[in-house]
Amino acid sequence: MNTKRTEIANALTGTGINSKIIVKGWIRNSRGNNYVLFVAMNDGSSLHNLQVVVDVEKFDDSTRKKLSVGSAISVEGILQKSEGKGQDFEVIAENIEILGTADPNEYPLQPKRHSLEFLREIGHLRFRTNTFGAITRIRHSMIYAIHTFFTEKGFYNIHTPIITGSDCEGAGEMFRLSTLDPTNIPKKEDGSIDYSQDFFGKETNLTVSGQLNVELACMAMSKVYTFGPTFRAENSNTTRHLAEFWMIEPEVAFNTIIENMDLAEEFLKYLISYALEHCMTDLSFLQDRLKQEEKGKPADQQTMPLIDKLNFILDNSFERLSYTEAITILENSKPNKKGKFKYPINGFGTDLQSEHERFLVEKHFKKPVILTDYPKEIKAFYMKLNDDNKTVAAMDVLFPQIGEIIGGSEREYDYAKLQQRIEEAGIPMKDMWWYLDTRKYGSVPHAGFGLGFERLMLFVTGMTNIRDVIPFPRYPKNAEF
RNA sequence: UCCUCAGUAGCUCAGUUGGUUAGAGCAUCUGACUGUUAAUCAGAGGGUCCCUGGUUCGAGUCCAGGCUGAGGAGCCA
């Protein structure tokens, strides 16, 4: 006899029909009468539940009582065509083993819609909901697609360090990392902290970006990418920021900003088409969920259905324009002339606010936009200085609703110019010697970008809060679970 | 960090100008029903009204401070 567990996703397609199978999983819903019980179970392999039909007479009272929402069970029975209308197949239970009970008086999940805020509070259990099951499966598919995309293009994955001794990655506030006793910190004679006694013998932090390290690998391997966790200790309380998030950073030798843009656009379109191809069931569920949520809203606030929105990205080329051109458009725009912008446009040098980005993407071009050649003052030191001496070869990919999804640039590869930019940025030269060495020995043009993985997940799933697209969100005042 | 809004049963929420014993739906428990689809029907139990202080004869309701959450802004990915 077959004693192997059948995954519910397989059972739902009728694999093993009319024969005995064993399924294991968690009860999502249980209902019935004195004679027959219908138990919906889920094992994570599919959005859909498998219906187990329980002939009450065949089971004792104590087993039946334990068939409550949240309990884990193993069911042995015949898989057959369902007599009911809601599903194609069902299992007629012959044997039920209770693997783990869940006291219905305490189990917090009900077979009904819960608010996302409530589910965040029970983050340890939220995987057991349809929504988070769908998000989890899509997230995995996106991770797989990312590695597949780069592998097919001949990239090498580089594990860049999570602990960094460099405090000049320049992307935000860092989390300090130390094994020193905080109640008894060793001090030097001048009163400053004596890091020579710390674990690494120097000041260390959690990385805010793998870019500088991945550039080192790029200067030998040509096409590389890093995909890892990054940490920002900014006190950001928004639906788009996390203290711990995952970032994909490709870096390509001999590429200019043009090829960098091409790569970014191709990459995003690949991932979105991968999701449409492999995650349709979960995407449809999330689309319907979103529709439900928007039901009460006025028509003009309702967004395009999720799947249409994803297809729309595939069907349109991203609009590419320079920062300077964008400023001109914004200056002449209706909201600017009518004083509708909270931050008015003041010519070249104005840093673009989210309201401006949103105007360009959602109102003016109505498609994704790549902005290039920003004023050097508002961008990072490693970006290549353009011939005008005013702008740098930066590129930001802006998406509807979420704003900046990718930030990248061609890198400054001229030794002297880079040195000068480091100086202007006020970064101590002695900390950057290894990075400067890449420009000293065999320097070549190269370019790369960073894609915030959870921002991508926001777009693909249509979720609106970034805390719901990462399994264990970390944000100010919260490191629970 | 700033602005706005919110916190009442396990969940989602109602609670009138400050007034007796704080309500509903769902969930839970008990019962009814031979195939349910968030099953249905009947009944029952369930409350630190976020916390601290204040005003008042009297506070879920008013005031102050704090905590927590949501949305927006800044920082960015």
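Here is how names work: the chains are called A, B, and so on, in the same order as the sequence lines, proteins then strands, and each is numbered from 1. Computed from heavy atoms alone, side chains included, the values below leave out hydrogens, waters and symmetry copies.
The side-chain heavy atoms of A:Leu371 and A:Leu321, taken from C-beta on, include a pair separated by under 4.5 Å.
Per the geometry, NZ belonging to A:Lys112 stands 11 Å off P belonging to B:rU28, to the nearest Å. Atom CZ of A:Phe118 and atom P of B:rA27 are 15 Å apart (whole Å). Atom CD1 of A:Ile122 and atom P of B:rG69 are 16 Å apart (whole Å). Atom pair A:His48:NE2 and B:rA38:C1' shows a separation of 16 Å (rounding to whole Å applied). The CG-P distance, from A:Leu119 to B:rC11, rounds to 11 Å in whole Å. Across the protein-nucleic acid pair, A:Ile406 atom CD1 and B:rC76 atom P stand 17 Å apart, rounded to whole Å. A:Asn105 places its CG atom 10 Å from the C1' atom of B:rG45, with the value rounded to the nearest Å. Straight-line distance from the CG atom of A:Leu37 to the P atom of B:rG35: 12 Å, rounded to whole Å.
Base engagement by A:Gln51 is indicated by at least one non-hydrogen atom pair under 4.0 Å involving a base atom. As judged by a 4.0 angstrom heavy-atom cut-off over every strand, A:Glu90 is placed among the base-contacting residues. Among the heavy atoms of the strands lying under 4.0 Å from A:Gly450 are primed sugar atoms or P, OP1, OP2 only; no base atom is included. If you check every strand for non-hydrogen atoms under 4.0 Å, A:Pro104 touches sugar and phosphate atoms only.
Checked against B:rU36, B:rC76, B:rG74, the side chain of A:Thr238 finds its nearest nucleotide in B:rG74. Here B:rU68 is the nucleotide among B:rU68, B:rG35, B:rU28 with the atom lying nearest to any side-chain atom of A:Lys477. Checked against B:rA38, B:rU34, B:rU28, the side chain of A:Asn33 finds its nearest nucleotide in B:rU34. Checked against B:rG74, B:rG69, B:rG35, the side chain of A:Arg120 finds its nearest nucleotide in B:rG69. Among the nucleotides B:rG72, B:rU36, B:rA73, the one closest to the side chain of A:Arg358 is B:rA73. The side chain of A:Lys65 lies closest to B:rU30 when the candidates are B:rC33, B:rG74, B:rU30. When the nucleotides B:rC75, B:rG74, B:rG69 are ranked by their closest atom to the side chain of A:Asn478, B:rG69 comes out on top. Here the nucleotide nearest the side chain of A:Glu117, chosen from B:rC75, B:rA70, B:rU36, is B:rA70. Of the listed nucleotides (B:rG71, B:rC26, B:rA73), B:rG71 has the atom at the smallest distance from the side chain of A:Asn465.
Side-chain N/O atoms of A:Gln87 and base N/O atoms of B:rU36 include a donor-acceptor pair closer than 3.5 Å. Between the base of B:rU1 and the side chain of A:Glu234 there is no donor-acceptor pair shorter than 3.5 Å. If you check distances only, the side chain of A:His241 does reach the base of B:rC76 with a donor-acceptor pair under 3.5 Å. With hydrogens and angles ignored, a donor-acceptor pair closer than 3.5 Å exists between the side chain of A:Asn237 and the base of B:rU1. With hydrogens and angles left out, the side chain of A:Ser236 and the base of B:rC76 share no donor-acceptor pair within 3.5 Å.
Of all nucleotides present, only B:rG10 satisfies the Watson-Crick or G-U wobble test against B:rC26, with each distance under 3.5 Å. Within the shown strands, B:rU1 is the pairing partner of B:rA73 under the Watson-Crick or G-U definition, both distances less than 3.5 Å. B:rU36: no Watson-Crick or G-U partner with both key distances under 3.5 Å is found in any strand. When both distances must be under 3.5 Å, the Watson-Crick or G-U wobble mate of B:rG53 is B:rC63. Pairing for B:rU21 is absent, with no Watson-Crick or G-U wobble pair whose two atom distances lie under 3.5 Å. B:rG58: no Watson-Crick or G-U partner with both key distances under 3.5 Å is found in any strand.
Nearest-nucleotide assignment on RNA chain B puts the 5′-proximal partner with A:Val69, out of A:Arg31 and A:Val69. Sequence order on RNA chain B of the closest nucleotides to A:Asn235 and A:Tyr107 puts A:Asn235 first from the 5' end.
Distance noted for atom P between B:rG65 and B:rU4: 12 Å (whole Å).
The residues A:Lys66 and A:Asp61 are annotated as not salt-bridged, no charged nitrogen and carboxylate oxygen being separated by less than 4.0 angstrom.
Here A:Ser354 reaches the OP1 or OP2 of B:rG74: one of its side-chain N or O atoms lies under 4.0 Å away. In terms of phosphate contacts, A:Arg240 brings no side-chain nitrogen or oxygen within less than 4.0 Å of OP1 or OP2 of B:rG72. Residue A:Thr239 has a polar side-chain atom (N or O) positioned under 4.0 Å from OP1 or OP2 of B:rG72.
The aromatic rings of A:Tyr323 and A:Tyr374 sit tilted relative to each other, their planes meeting at an angle between 30° and 60°. Ring geometry, A:His140 versus A:Tyr144: the interplanar angle falls under 30°, so the pair is classed parallel (tilted spans 30 to 60°). Using cut-offs of 30° and 60° for the angle between ring planes, the A:Phe459 and A:Phe399 rings count as perpendicular. Note: A:Phe359 and A:His364 have tilted aromatic rings, judged against thresholds of 30 and 60 degrees for the angle between ring planes.
Not one N or O on the side chain of A:Thr160 forms a donor-acceptor pair closer than 3.5 Å with the backbone of A:Asn213.
Residue-environment remark: NZ (A:Lys390) stays at or below the threshold of 12 foreign heavy atoms within 6.0 Å.
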